[in-house]
Number of protein chains: 2
Amino acid sequence: MPSAFEKEKDNSLANKSEKITETLKRAILAQRLLPGAKLGERDLAEKFDASRIVIRQALIRLANDGLVTIERNRGAFVKKYSLQEAIEIYDALTLIEQGVAAQLAARLDRAGWQILQDHIKLQADAIEREDNDMADDLGAGFHSLLVSLTNNRVIQDIHAQVVQRSHLLRSLHISRFDYCNLLEEHSKIVDLLQRGRLKQVMELIDHHHHHVVRGYVMDFSDHPAMSLHEALSPFIAEGGGSGASVGTAE
Amino acid sequence: MPSAFEKEKDNSLANKSEKITETLKRAILAQRLLPGAKLGERDLAEKFDASRIVIRQALIRLANDGLVTIERNRGAFVKKYSLQEAIEIYDALTLIEQGVAAQLAARLDRAGWQILQDHIKLQADAIEREDNDMADDLGAGFHSLLVSLTNNRVIQDIHAQVVQRSHLLRSLHISRFDYCNLLEEHSKIVDLLQRGRLKQVMELIDHHHHHVVRGYVMDFSDHPAMSLHEALSPFIAEGGGSGASVGTAE
DNA sequence: CATCACGGATTGGATACCAATTCTCTTTTT
DNA sequence: AAAAAGAGAATTGGTATCCAATCCGTGATG
């Protein structure tokens, strides 16, 4: 009876509250809930078929991660970052990734370099296929991959946190940046890193993020912002969602 | 009636739940609640004269900050970091402060350097007075001060988060490290930084944290750990606390 | 002696209810 | 008629109470 394989230590989202947190987070990061969108407790409770309490717990977690703001007696909203904050976020990202690069330049082994180059090749293929969504994911994933090679979960978590916030900025800008260019920079980073040209790597990462943030055309107008129901339906198991056009909004 | 000075935007802990969060955090960081201590919802609710729900919200926030762990159906405990995690935390701290140092070396103006040197002098005075607690605070404060000079709130918050976690490590080690030595290093950091000797600064920061983490003698035995009531009474407004021996445990 | 079953005890969650604040829309006043 | 004032609805913050699930220790049982 006591099969030895039971204690899987299923750490993944045992709590309803955490599940809701993750779902909301995904909806926000996927830009289905845009900055400024109101996250009413009653509405969410209804959509998730949960009590207001677990909703509030989820909102507290998201607020703690900087993805929503909770205004007293007014409610929770998807966080709207200012241009100044956008710059700070990218500066933080630069700082972290520069530090990671320095660590990796000293410590990474052959297998590690291979992983990075494989990843870059994947992205290059995606671009050739003109699979923009995939290229987007891989392009962002490159940075996370870089960080994960430090084998330091604390740094990974911090980095992930800042990356998440940076996703909130993407809905504030219009122009899509040039993937090829970014890819080339990624490739150059790995190359320089491997050859120990640390200083140039630093400058490149700095330039890389400046390139992104400068590409932003801040757009603080109020977007139409689909309703909560529309925004969340593809994430909550139930028919309703005409899930065709999830990825690309405009 | 509408006095122009009313909208003070009192952002400071309007919520009961947040107040409790901060109080618990202070108690944990002050090492009155040691790693492994159980934070029972019922007990806390009683001590804070609050409902279990706001307690849980506070615990969720603390868990999100990595100060407590919540084990399903078992409760919340002050987080007990492993040696591996301790190393990761100090690595993260090193990474952040190195990055900050690099930024400051390029950007800091005269007033900034003065602030740093004033701070060091304060600590030196405290050491001469043999005011260990003060020296401790100032020593830790140096790093936060350094980070705050970036004028980047995101980086400051991240740094503060990691520093908080590092406080949880201090209760796991026995030997107190040598303040004078650390002070000297701080002073040297500022000096080198100002002269643009970036590489040496990096090595010094690295060495600095290694110095701390190597000074640790991990002690995983269960400390007696005073009761919740004892631990929290000085933080909750009421007579009870014989506040004499708060700072220095052993 | 090992195993299983049975109660506490604690957490996770739901529901109902109330207080405080904000928002909105109507009413009143000038 | 425009602006100020006010009443009422809606929303959040919080409490109390109840119930289900789970964990843990204890004791019965083979």
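Within every chain, numbering begins at 1; the chains are lettered A, B, ... in the order of the sequence lines, protein sequences first and strands thereafter.
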If you measure from the Lys or Arg side-chain nitrogens to the Asp or Glu carboxylate oxygens, is any gap between Arg107(B) and Asp91(A) under 4.0 Å? yes
Electrostatic pair Glu88(B):Arg153(A) at N-O distance under 4.0 angstrom: no
Output the rounded distance in Å from CZ (Phe77(B)) to P (dC23(D)). 13 Å
Over 12 non-hydrogen atoms of neighbours within 6.0 angstrom of CZ in Arg26(B): yes
Expressed in angstrom and rounded to an integer, what is the separation of Ile55(A) atom CD1 from dG13(D) atom P? 13 Å
Sidechain N-carboxylate O distance under 4.0 Å for Lys38(B), Asp43(B): no
Can you name the atoms? Protein N/O to nucleotides 12-14 of chain C N/O, anything below 3.5 Å, with the distance.
from, atom 1, to, atom 2, distance (Å)
dG12(C), OP2, Glu41(B), OE2, 3.2
dG12(C), N7, Arg52(B), NH2, 3.1
dG13(C), OP1, Lys16(A), N, 2.6
dG13(C), OP1, Ser17(A), N, 3.4
dA14(C), OP1, Lys16(A), NZ, 2.7
dA14(C), OP2, Ser51(A), N, 3.3
dA14(C), OP2, Ser51(A), OG, 2.7

Polar side chain donor-acceptor pair, His159(A) to Glu97(A), under 3.5 angstrom: yes
